[in-house]
Structures are given as C-alpha cells and as structure tokens.
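Quick note on labels: first sequence line is chain A, next is B, and so on, each numbered from 1.
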Amino acid sequence: MIDKLIRPSVFLPLVSLVVVFGGWEIVGRSINPLLFAPPSEVLRQFGELLQTGELQDAAMVTVRALFLGYFLAVVVGIPFGILMGAWTRFGDILQPYLYAIFATPRVVLVPLIVVWFGIGFEARLFLVFFWSMIAISVNTAQGVRHARPDLVEVARSFQATRLQMARHVLIPGAIPFVVSGLRIGAERAIVGVIIGEMFLQIVGLGGVITKGSQELLPAKMLCAVAVIAVLGTIIVTALDTVEKRFQDWKGAP
Amino acid sequence: MKDTVLDIPAIELKGIRKTFTLSEDRDAKTVLALDGVDLKIRQGEFLTIIGPSGCGKTTLLRIIASLILPDEGEVIVEGEPVREPGIKRAMVFQTFGLFPWKSVIDNVIFPLMVRKFDAAEAREIAMKHIRQVGLDKFVDAYPHQLSGGMQQRVGLARALSTGADILLMDEPFGAIDAQTRELMQEELMKICQQEQKTVVFITHDLDEAVLLADRVLLMSRGPGRVREVIDVDLPRPRFDYDVRGHETFVKVRAHLWHELRNDLVEQRAEETS
Amino acid sequence: MKARSRKDVRRDQIVGVMVFLIIWEVSARLLDNSLILPPISAILAALWELIITGQLIVALSQSILLLIAGLIVATTIGFVLGALIARSRTAYWMLNPYLSALFVTPTIALVPLVLVWFGFGFPGRVTVVVLAAVVPILFSVASGLRDSPGDLIDVARSFGVKGEIALLFKVRIRAALPVLLAGLRLAAGRGVVGMAVAETYLRLGGIGGLIKSYGAMFQTDYVFASILPLSLLGIGIVSLIGRAERRLHWT
Ligand SMILES: Nc1ncnc2c1ncn2[C@@H]1O[C@H](COP(=O)(O)OP(=O)(O)OP(=O)(O)O)[C@@H](O)[C@H]1O
Ligand SMILES: [Mg+2]
C-alpha cells in the first residue's frame, strides 16, 4: 500500500490534485463560492443532483440518443464505406463533399438542422449519427482501398479465388482501419450528442450544462461536464483497447 | 542432374518482352523492363539470377510465376504454356508476405486451404514442413512475434507445403542478417537436394549467387537481357568444406564481379552526365 | 485497388460537383421552399450581397483575428507545457490528470463555464479557441521533443553543442518540426471549430455570429452563403499548413 503510494506515477498526481483542488477551494470559497464553484460546492451539488435524480435521468437521455445514433452510424457506415472503397470512382466522387462536411464546424449547421429536422429527438439523433457515420465509412473505405499489394500478390500466387481473396486478405486487412473508424466515430458521436442537447433540445447532460449556465451555477455545469468526461473516457478507452489489439494486423510493409 | 537431351526443361522462356507504362495520365512514359529473354531451366537445377538493380529480375520472376503476363513471348512450365499461377510453381517473397492475422500454421496451410484440402490432411502436411524448417515450437505464434529469419522460414515452409516442384525466390534472404542468412542458405541447399526442387533464386549477393547455384544467370542492366549463364562446378554438399576458398568459387565470383562492375560504372557515368 | 490517374479523379469530381449543383438547383426550384432548400442561385445572390455590403469582409476579419490570436496563445501554452512534460517526469505526472481530462472533455461542454469565468468578450472567446486547439499542439510538442532521435543529439554534442537549452533549440525542435506541424494542422482544424463555437455561443460576432443571426431570422439562403466562406477558411488554413508539412518532409 505504502509502496504503491510512494511511486511517482501515483504520488505526484495526488500531490498535484491536492494542491490544485485545495487552492481552488480556499480561493473560491473566500471570493464567491457560487461563482467559482470550489470542489466542496461541486460535491454538494453532485449529491443534490443525484438525490433529485436529475443527473441520472439526464445521463439516461444522453446515453439513449448516443447509443442509438452510434448504432445506426455503424450499421450504415461500414457497408457504405465498403462500397466507397471497392467502387473507387464512387468514393472519389464523394470525396469533396466529405471533405467539406468535415471542414465545417457542426455548431454552425445547427440553424440548418433546425429547419430540416426540427428541435426534437430526430434532430439530435441526426447530429450523433451523421458525422459518426462519415468517420466510420471514410476509414472503412481507406481500409478496403489500402489492401497490401504484397499480400494480394501472395494470395494470387497461390491461386486464391476472388472470394478467398476477400475472406483471407481484403477483409482482415481492412479491419484495423474499421476499428479506428469506430473509435473516431464514437468521439464524434459524443460531441454530437452534447451539441444537440445544448443547442437544440435542452435535455440530457448537455441540457444540464445549459440550464446551469442560465441559473449561473458553475457547480452544476461541472457535474455534468464530469459525467460527460467519464462517459467519454469509458467508451473511447474501450474502443482504444480494441484498436491497439488490431494494430499488429497492419503488419510491416 | 546433368542435362539429358530427353529431359524437358522445368521452365522454358521464349522471347520474353515486357514494357511498363508509368501510370499518371495518358502522356505515357514507358519503361522497357525485359527485352527478349530466352532461357531454359533444367529440372532439379538451382539457378541464381544476379544483375544490377532495376534490371528486371523481379519482373522476370513474376512473369515466370504468371503474376504478370509478358507483352511478347511465352512461359512454358514442364512442357505446357502457362498464363496463370499454378500448382507447379511456388513463390517465396523478399518481404516474406506473411498474413499478420494468421498464425504460423495458418500461414503455412493457406495454399492448401485455397485448394480445398481436407483440414486434417492439410495440417499434417503443414506440420511436416514447419518441422522441416525447424519452427515446431512456434506453430501458434504470429508473424510479428518472430524474427526476420524465422518469418522467412515460415515463407519457405509455405512454399514447400504446396508440393510445387519449382520454387521461385525473390531475394528471400535480402532482409535477413548475415549470420542467419548463411545458416538458411545451408538449410535451403539441404532441403532442395533432398526434395529435388528446381529453384530460381534472385540475389544481390555475389557470394550467395555462386554458393547456391548450379548455374548463375547474369542479367545486363535494363532493359533486361540474358548477358551470360555461368556453370558453377562445385561439389555438393557445399557446406562441409571451405567452398569460398575453392578455386572455382573464386574464379566465378571474380568473373561475375568484373562483369557487374563494368555495368555499374557505366550506369554511374550515365547518371552523372 | 486499381490506381486511377489523378486527372481522371479530378475530372470525375468536377463533373460530380456540377451534377450535384444542377440537381440541387432544379429540385430546390421544384420544391419551392427556400426555408428548407434555397436554390444555389439564391445562395450565390446572398453571398454576393454579403460581399458588396462588406458584411462578409468584416465578419471574416473578426473571425480570422480571433482564430490567429487563439492559435498563438494555444501554441505558446502548448509549447511551454509540452516541453515541460517531455523533459521532466515530475511535470508530466503532475500535469497529466488535467491534460487527460481536457483531452476527453468535448470543448463545447466547457463553453458555458468559460462564459461565467471569463466573460463573453474577446478574452472569453480566445479562451474557447485555446481550449479547442491546445491539446493537439501540446501532445505533438511533447511527443516530438521526447522522441527526438538520440543519435542526432550525440552528433550535435560531438560537434560541441553544449547545454540542454542549446540542444533544445538547435536539435530537438528542428528534429521535431514535422511532428509539430502535424500537431499545428490538427490544432488549426479544431481552432476553427472553437472559433465558430465562441462566435455563436458567446457574444455574436464574425462568421459564426453571421450564421447564427441569419439562422434566427430563418433566412436559409444567407445561412448557406455564410457557411461557405467558413468552410473555405477551415480548408484553406489546414491545407496551408499541410503544404508546409510536405515541404519539410526530409525525415
Ligand atoms: N509495376 C511497375 N510499373 C512500372 N514500372 C515498373 C513496375 N515494375 C517494375 N518496373 C520497372 O521495371 C524495371 C525493372 O524492375 P524490377 O523490379 O524487375 O528490377 P529488379 O532487377 O528486380 O530490381 P531490384 O534489384 O532493385 O529488385 C525498373 O525500371 C522498374 O522501375
Ligand atoms: Mg527486385
């Protein structure tokens, strides 16, 4: 126990957290505890939000939209990406639009999404789904296109049929790219769901932030931010782990 | 395995020509890679190919493997003209060409699986060749866990498992450290002698070319042509005496270097002028 | 898998975009609802209007000023902290919790807090851009300086470069330049997003403000007309840095 605490990787972050949070507590409390939201205030607020159930309900709303949107993005994105990768011409023609969509910040599209989808669940779902789907399909297409020519040649030299080529060379070769796409897509989905909740329909964790800012309660906002960060960390870390496992599949050349 | 008039050649090349079009747009630039190659490779012969970089060695080997087709000319394997990869020829690749997502055994099984062998039988054949290259302990390892030398052993076992009489090897030991390479040269010679394989072996290494070969094919700098075919009359097995000190070895090696050097010097002169 | 020539790809893309625009124009006219889908011609007219009234120039210059200010601050902070965590384990372990937190939190969720703590003026807006852009710079500086090749350091030492600071400027930073530029490119892309967020969420201004106010008036043609330059700004900046990167590709 003591051994563990003494290790710099545990000890130093702890010291730094204690110093920073302690300082924040003292300074925040002495100036304006409501506005500067010292840790104790955030904790109190957290307990209150849990007690009223506001935070759990909000998290449920967020998670539901996030998972449904992401699920749709995966289901649509992978086949679409395969199509883009296998039919190069189609992929090439789509490329400028994908590039333009990626280059445009999502917040400024909110007015357009309002006129197209309203401010309800569909609009939020679209914000989650669409960008996530594009990230997944772009990466999938890359994976399909970038089959290693040396391995294709190996399979050909042993007279693999087209089907065998797909099953043993092209698909396994594309999987690391698809998994990267899934990770990037998840990151985009998380941001999308928060944008939708902060600017379209004020619900969920994003909604808690917006309400907190209207009530001038930074502690409340910080609670929601913390939950979002934890949620994001769990999802992205999980996908990151999967992604790393498949890195070896990319092989040397 | 001296040439008998009756013996049909393992491989016969007739007037092979190949031009590449450098892609990028239509105003095509073309590179003449092979300019009329005629060659007979005897059954059971070990032929090494040496020549300046870019002279078309790889292209020639890929044409023999029917991975690409020549613009003109014919490839005849054991008497039959071929236009597609076939079971009588197996390739060993310079960069090993192992599937990173398959274990050693699955990599070796691959050619058998492609040919729809019975699973148990395929496994047995694969195991035999994995043992032959001394990798029994690594049957279930993945390529990234193996050293370069071990990876190429897998590549060799895979080629052997096809049962092909003809092995086509493109600088197979080029990416392997010098000591491991010597060991593998020895093992390759043993295996090929045991199994009476016909081998076409590309190399950049003069010693390797002479050490392994029954005949050395020297190619001229691009457009590739056959410049000379040299017999290497050294007793086999070659690993239990000092081959490198043998008079024939020294003579052949010196001759090859002399010829190659002229080509390289000319090439340098062209590049700098 | 077949490599298509660049010319063919370009041609396909140009034809594709033209067909797309024509379909848009025709279907917008058939639909006849400029709230949902204004025709291209109306968007271009709106764009022209924005240009000749000078609104676009004003908005663009505000946006670019904000973006550049934000990127300069982000680069400075990113450099200092990145160099610190690359060269000192202590600093790394002490800063790591906050940087990881910043990395996983969507910038957008922090904007209301910035509003409360920094106000909606220029400092607040710059802060949003910095929060968006600093992480990639910081990480690229840290990894660039950490992985800087040991043999180059030895070479420099053998030629008489002495001292950690001199080594930092003479060798490490130069060796890390490609990584740093890649980080800067990512940061610029995210900075544009931060800029748009700041301009729509904090005090309206710049291109983001333009888009938001036309959105509030449901003038979809003007919304499109102002999104277009914003996207071009993003693409322009990112490809500018990308070009510099390719120039530098000696490693
Ligand atoms: N797919 C291709 N497309 C265009 N040109 C090619 C292609 N393959 C080979 N070439 C060209 O043909 C010539 C011969 O190439 P090849 O790879 O056969 O040479 P090599 O003798 O194997 O060289 P090395 O010793 O470097 O391996 C070179 O000029 C090369 O640039
Ligand atoms: Mg070659």
Side-chain angles (χ1 to χ4, degrees), chain A residues 8-13 15-17 20 35-37 86 88-89 92-97 99-112 114-116 144-145 147 149 152 187 190-191 194-195 198-199 205-206 209-210 212-213 216 218 221-222 224-226 228-230 232-233 236, chain C residues 1-4 8-9 12-13 15-17 20 35-37 89-98 100-101 104-113 115-117 189 192-197 199-201 207-208 211-212 214-216 218 220 223-224 226-227 230-235 238:
Chain A
S9 61
V10 180
F11 173 69
L12 289 174
V15 169
S16 137
L17 285 173
V20 168
L35 201 60
F36 283 93
T88 18
R89 187 160 195 187
D92 289 339
I93 290 174
L94 276 186
Q95 199 201 335
Y97 309 101
Y99 202 55
I101 291 169
F102 266 157
T104 309
R106 264 181 284 186
V107 261
V108 304
L109 298 179
V110 166
L112 293 176
V114 171
V115 298
W116 289 335
V144 174
R145 270 195 196 198
V152 170
E187 286 168 4
I190 293 167
V191 177
I194 301 302
I195 293 180
M198 286 175 69
F199 300 112
L205 293 167
I209 296 178
T210 301
S213 81
L216 269 182
M221 297 188 250
L222 277 173
V225 170
I228 294 168
V230 170
T233 309
V236 173
Chain C
M1 258 160 294
K2 266 168 273 143
R4 283 153 28 86
D8 285 352
V9 172
D12 284 355
Q13 286 175 343
V15 172
V17 168
F20 174 75
L35 176 65
I36 290 178
L37 191 68
R89 296 306 288 170
T90 310
Y92 172 78
W93 286 120
M94 296 200 107
L95 289 173
N96 192 35
Y98 315 105
S100 311
V104 296
T105 313
T107 314
I108 192 113
L110 299 174
V111 171
L113 284 164
L115 179 67
V116 175
W117 288 336
V192 171
V193 174
M195 177 197 88
V197 171
E199 288 176 341
T200 46
Y201 194 87
I207 292 279
I211 297 168
K212 180 138 188 218
Y214 282 117
F218 294 106
T220 310
V223 172
F224 270 112
S226 17
I227 287 177
L230 178 65
S231 307
L232 291 180
L233 177 66
I235 293 176
V238 170

Per-residue contact mode, [X] against chain A (heavy atom under 4.5 angstrom):
| X | result |
| --- | --- |
| Val111(C) | neither |
| Val223(C) | side chain |
| Ile227(C) | side chain |

**OP:** Tell me, please, which residues at least two apart from Ser100(C) pass side-chain hydrogen bond (donor to acceptor under 3.5 Å, both in side chains).
**Re:** Asn96(C)
**OP:** Using a 4.5 Å cut-off on heavy atoms from C-beta on, say whether the side chain of Pro105(A) contacts that of Val197(C).
**Re:** no
Partner chain A: residue of [options] with the largest heavy-atom pair count (under 4.5 Å):
| options | value |
| --- | --- |
| Val238(C), Val193(C), Ile108(C), Leu115(C) | Ile108(C) |
| Thr105(C), Leu37(C), Ile211(C), Thr107(C) | Ile211(C) |
| Val15(C), Leu113(C), Leu35(C), Leu110(C) | Leu113(C) |
| Ile207(C), Leu95(C), Val104(C), Thr200(C) | Val104(C) |
| Gly16(C), Ser226(C), Ala216(C), Ala109(C) | Ala109(C) |

Against chain C, label [X] side chain, backbone, both or neither, depending on which of its atoms sit under 4.5 Å from a heavy atom there.
| X | answer |
| --- | --- |
| Val107(A) | side chain |
| Val236(A) | neither |
| Leu17(A) | both |
| Tyr97(A) | side chain |
| Arg106(A) | neither |

Restricting to non-hydrogen atoms, name the atom on [X] and the atom on [Y] that form the minimum distance, rounded to 0.1 Å.
| X | Y | result |
| --- | --- | --- |
| Pro111(A) | Gly215(C) | CB-CA, 3.7 Å |
| Trp117(C) | Leu35(A) | NE1-O, 2.9 Å |
| Ile235(C) | Ala100(A) | CD1-CA, 4.5 Å |

Original post:
Could you walk me through whether Tyr92(C) and Leu12(A) pass the side-chain contact (heavy atoms from CB on, under 4.5 Å) check?
Top reply: CA-CA 9 Å; Tyr92(C) 172 78; Leu12(A) 289 174; over 6 Å; no
Closest-packed option against chain C by number of heavy-atom pairs under 4.5 Å, given [options]:
| options | result |
| --- | --- |
| Gly232(A), Ser213(A), Pro218(A) | Pro218(A) |
| Ile93(A), Ile101(A), Val15(A) | Ile93(A) |
| Leu109(A), Thr210(A), Val115(A) | Val115(A) |
| Thr104(A), Ile190(A), Ile195(A), Val108(A) | Val108(A) |

Original post:
Is there a donor-acceptor contact under 3.5 Å from the side chain of Trp93(C) to the main chain of Val10(A)?
Top reply: no
Subject >> Flag if over 12 foreign heavy atoms under 6.0 Å of CZ, Phe218(C) >> reply: no
Original post:
Which is it for Val116(C) and Met221(A) under the side-chain contact (heavy atoms from CB on, under 4.5 Å) test, yes or no, and what are the steps along the way?
Top reply: CA-CA 10 Å; Val116(C) 175; Met221(A) 297 188 250; 3.5 Å; yes
**OP:** First locate atom CD of Gln13(C), then atom OH of Tyr99(A), and finally report the distance between them rounded to the nearest 0.5 Å.
**Re:** 11.5 Å
**OP:** State the CG-CZ distance between Leu94(A) and Phe20(C), to the nearest 0.5 angstrom.
**Re:** 10.0 Å
